[in-house]
Amino acid sequence: NITCSNAQIKASGYAPDSTKTSSLLFGIQWDLVCKYLEGKEGLTQAMINSDSSSWGRYSASSPQAGLDRNKRMNIYDFAGNLWEWTLEKTTHSLYPCASRGGGYSYTGSIHPASGRHDDSTSYTSSVFSFRATFY
């Protein structure tokens, strides 16, 4: 259970030294990973943007990391498994935080890898996590 704000605090503390910065992924970074995956290992634009069921971790009873089925180009759990907080802001005033990727209790046709979900800054759930980026 982690809020968007707490996810950013944690992610920003992962930098290995003072020459690096870490944070949650920006929405554009998420979109670029989706574009990178397109055409790789048999993933089509439709499998990323419309229905990620065939390669993501959806409709399961619990989250589980590291499944070979959900690893593409050494990127784990990008579709399904857990919703991931991003630094992307939505246009909805009550729900300004965006989460991406979909959760295990959904389907890849309802929440594909490229999809966005709006939530409040204080929302937390056991199906939310985050991914840190380093630069």
Side-chain angles (χ1 to χ4, degrees):
N1 292 340
I2 190 162
T3 65
C4 185
S5 300
N6 286 340
Q8 174 55 13
I9 291 168
K10 282 191 169 288
S12 66
Y14 289 155
D17 58 54
S18 62
T19 66
K20 308 274 186 303
T21 300
S22 58
S23 74
L24 295 179
L25 268 70
F26 289 93
I28 189 69
Q29 290 172 305
W30 192 279
D31 294 335
L32 288 171
V33 172
C34 286
K35 190 64 177 169
Y36 173 75
L37 289 172
E38 187 181 317
K40 306 288 185 185
E41 295 187 30
L43 295 180
T44 65
Q45 186 176 34
M47 294 167 80
I48 295 167
N49 297 328
S50 301
D51 190 350
S52 302
S53 298
S54 66
W55 64 281
R57 175 118 172 111
Y58 297 96
S59 301
S61 59
S62 64
Q64 184 177 355
L67 293 176
D68 287 340
R69 176 175 172 242
N70 203 11
K71 174 186 163 190
R72 294 291 191 261
M73 303 299 295
N74 286 323
I75 302 169
Y76 287 90
D77 297 323
F78 203 70
N81 203 40
L82 296 170
W83 287 99
E84 296 188 29
W85 290 116
T86 67
L87 288 177
E88 184 174 12
K89 299 297 181 200
T90 71
T91 57
H92 196 294
S93 61
L94 296 176
Y95 306 104
C97 295
S99 54
R100 307 289 296 265
Y104 66 86
S105 58
Y106 296 90
T107 66
S109 61
I110 294 173
H111 296 289
S114 67
R116 293 168 179 83
H117 186 74
D118 304 346
D119 283 297
S120 70
T121 56
S122 60
Y123 183 75
T124 183
S125 169
S126 62
V127 297
F128 277 74
S129 188
F130 63 94
R131 186 178 304 256
T133 185
F134 302 90
Y135 50 96

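As the structure is a computational prediction, the values presented were derived from the model and not from experiment.
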Quiz item: For the atom pair CD1 (Ile110) and OG (Ser52), what is the distance rounded to the nearest 0.5 Å?
Solution: 12.5 Å
Quiz item: Should we count CZ of Phe134 as having more than 12 external heavy atoms under 6.0 Å?
Solution: yes
Quiz item: Are the side chain of Tyr58 and the backbone N or O of Tyr106 linked by a donor-acceptor pair below 3.5 Å?
Solution: no
Practice problem: For this output row, return yes or no: ring centroids of Trp30 and Phe78 closer than 6.0 angstrom. | Solution: yes
Self-check item: Salt-bridge criterion met for Lys89 and Asp118 (N-O under 4.0 Å)
Solution: no
Exercise. State whether the side chain of Tyr123 and the backbone N or O of Cys4 hold a donor-acceptor pair below 3.5 Å, judged by distance alone.
Key: no
Quiz item: Rounded to the nearest 0.5 Å, how far apart are CD1 of Ile2 and OG of Ser129?
Solution: 7.0 Å
Quiz item: Between the main-chain N or O of Tyr14 and the side-chain N or O of Ser22, is there a donor-acceptor pair closer than 3.5 Å?
Solution: yes
Quiz item: Is it true that a side-chain atom of Ser23 and a backbone atom of Ser12 form a donor plus acceptor pair closer than 3.5 Å?
Solution: no
Quiz item: Do the side chain of Asn1 and the main chain of Thr124 share a donor and acceptor less than 3.5 angstrom apart?
Solution: no
Quiz item: Nearest 0.5 Å, what's the CG-OG distance between Leu37 and Ser114?
Solution: 11.0 Å
Exercise. Output yes when Glu84 and Arg100 qualify as a salt bridge under the 4.0 Å nitrogen-oxygen rule, no when they do not.
Key: no
Practice problem: Output, in order, the C-alpha distance, side-chain angles, deciding distance and verdict of side-chain contact (heavy atoms from CB on, under 4.5 Å) for Trp55 and Ile48. | Solution: CA-CA 9 Å; Trp55 64 281; Ile48 295 167; 4.2 Å; yes
Quiz prompt | Side-chain donor/acceptor of Gln29 to backbone N/O of Phe26, under 3.5 Å | solution = yes
Self-check item: Backbone of Ser125 reached by a side-chain donor or acceptor of Trp83 within 3.5 Å
Solution: no
Quiz item: Taking the side chain from Gln8 and the backbone from Leu24, do they hold a donor-acceptor pair closer than 3.5 Å?
Solution: yes
Exercise. May I ask you to decide if Ala98's main-chain N or O and Thr86's side chain share a donor-acceptor pair within less than 3.5 Å?
Key: yes
